[in-house]
Amino acid sequence: RTKPVLLETSGLCVNYGRVEAIHNVDVRIREGEIVTVIGPNGAGKTTLLSALMGLLPARGEVRYQGQPTLGKMSVDALVARGLVLVPEKRELFGEMSVADNLLLGAFARYRRGERDQAKTMDEVFAIFPRLAERKAQQAGTLSGGERQMLAMGRALMAKPALLMLDEPSLGLAPLIVREVFRVVQQLREMGVSVLLVEQNARAALQVADYGYVLENGSVAVENDAKSLLGDPRVIESYLGLG
Ligand code: ATP
């Protein structure tokens with residue numbers, strides 16, 4: 001792991017009232033890497049992503065592209081710098097078409113005067129041909145897998161440097177899950193770094209370069225993804241048989 005650091009936290013803590021959901025978390029994502037955060041329900045994975053995106057008050061330090069962000073950069077500023085989140089609930093505009101949902105992902109760039117949305121949309125369609133076939137369809141009528149593709153496609157319209165995905169495989173059939181993980185690997189080849197939060201630990205570790213196991217709000221284990229796949233603690237708690 002020698003590439004430049006893209007995002008780094010140090011002593012990150014998040015509270016919900018008196019309850020500490022994230023405690024002293026240190027994670028690091030380097031350029032061109034897929035980093036995964038795995039862990040059980042309620043471990044604090046979604047909270048971690050929300051804090052990185054500036055959606056929740058947090059303590060400690062977060063540096064993105066070398067700059068401290070906590071309390072210093074708005075969500076808009078972070079998105080403009082290429083930090084983009086695909087939330088677990090996908091949050092599409094159901095009444096709008098696939099194409100219009102995609103265009104909304106590029107709105108911040110449009111406002112900055114960038115006028116390459118059609119070309120970017122073609123790039124997204126090349127990654128997700130299914131969306132091209134359905135560009136006029138209402139987003140609310142898409143299947144679960146198509147909705148996840150649209151949520152990822154919309155995020156890509158913002159031209160992320162670091163794409164954060166919250167449980168992209170949740171609720172999807174095995175074939176679609178494979179497709180989602182294939183795209184995650186394709187993104188790395190395109191130079192997009194990925195922070196992948198997953199309950200599907202085996203699939204996540206198979207595509208990732210590095211992984212963190214989050215338990216009760218703290219990092220319990222971290223290592224190269226390959227080593228985690230062979231780590232008895234990880235096998236016993238998260239990989240099971242198979
Ligand atoms: P899952 O995989 O089930 O989504 P997670 O690892 O993403 O779990 P979080 O959603 O980050 O976990 O939740 C971490 C802890 O914080 C949980 O105990 C949860 O109940 C609590 N929590 C999350 N959001 C809030 C909130 N808005 N108010 C109070 N407690 C919260």
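For ligands, and for the atoms within them, numbers begin at 1 and follow the listed sequence. Hydrogens, waters and symmetry mates are skipped; everything else that's a heavy atom, side chains included, is used.
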Requested in this report: May I ask whether Gly39 places a heavy atom under 4.0 Å from ligand 1?
Outcome: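 It does not; every heavy atom stays at 4.0 Å or beyond.
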Query - Min heavy-atom dist Gly17 to ligand 1 below 4.0 Å - result: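 It does not; every heavy atom stays at 4.0 Å or beyond.
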Show me which atoms of ligand 1 lie under 4.0 Å from any heavy atom of [X].
X	answer
Glu88	4 (O)
Gln199	2 (O)
Pro40	6 (O)
Ala43	5 (P), 6 (O), 12 (O)
Ala21	16 (O)
Glu167	2 (O)

I'd like to know if [X] pairs up with [Y] as an ion pair, taking the criterion as any Lys NZ or Arg NE/NH1/NH2 lying under 4.0 Å from an Asp or Glu carboxylate oxygen.
X	Y	answer
Arg112	Glu114	yes
Glu31	Lys3	no
Arg90	Glu88	no
Asp224	Lys226	no
Glu146	Arg134	yes

So which heavy atom in the protein is nearest [atom], and how far is it from that ligand atom?
atom	value
atom 3 (O) of ligand 1	Asn41 ND2, 2.7 Å
atom 5 (P) of ligand 1	Lys45 N, 3.5 Å
atom 15 (C) of ligand 1	Gly42 O, 3.7 Å
atom 9 (P) of ligand 1	Thr47 OG1, 3.6 Å
atom 10 (O) of ligand 1	Thr46 CB, 3.7 Å
atom 12 (O) of ligand 1	Gly44 N, 3.1 Å
atom 22 (N) of ligand 1	Tyr16 CE1, 3.2 Å

Requested in this report: Flag yes if more than 12 heavy atoms outside Asn216 fall under 6.0 Å of its CG atom; otherwise flag no.
Outcome: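 Counting neighbours around CG of Asn216, 12 or fewer heavy atoms of other residues, nucleotides or ligands fall under 6.0 Å, so no.
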Query raised in the report: Do Tyr210 and Glu222 have side-chain N/O donor and acceptor atoms under 3.5 Å apart?
Result: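 Checked: Tyr210/Glu222 side chains pair up, N/O donor to acceptor below 3.5 Å.
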Query raised in the report: Would you say the side chains of Gln186 and Arg182 form a donor-acceptor pair under 3.5 Å?
Result: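 Yes - a donor-acceptor pair under 3.5 Å links their side chains.
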For residues 34-47, please give each side-chain donor-acceptor pair under 3.5 Å, one per line with the distance, not counting sequence neighbours.
from	atom 1	to	atom 2	distance (Å)
Thr36	OG1	Leu196	O	2.8
Lys45	NZ	Gly39	O	3.0
Lys45	NZ	Pro40	O	2.9
Thr46	OG1	Asp166	OD2	2.9
Thr47	OG1	Tyr16	OH	2.8

**Report entry** Donor-acceptor under 3.5 Å (Ser10 side chain, Asp26 main chain)
**Finding:**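 Looks like no, no N/O pair under 3.5 Å.
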Report task. For atom 19 (C) of ligand 1, decide whether some protein heavy-atom distance is shorter than 4.0 Å. Result ->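 False for atom 19 (C) of ligand 1.
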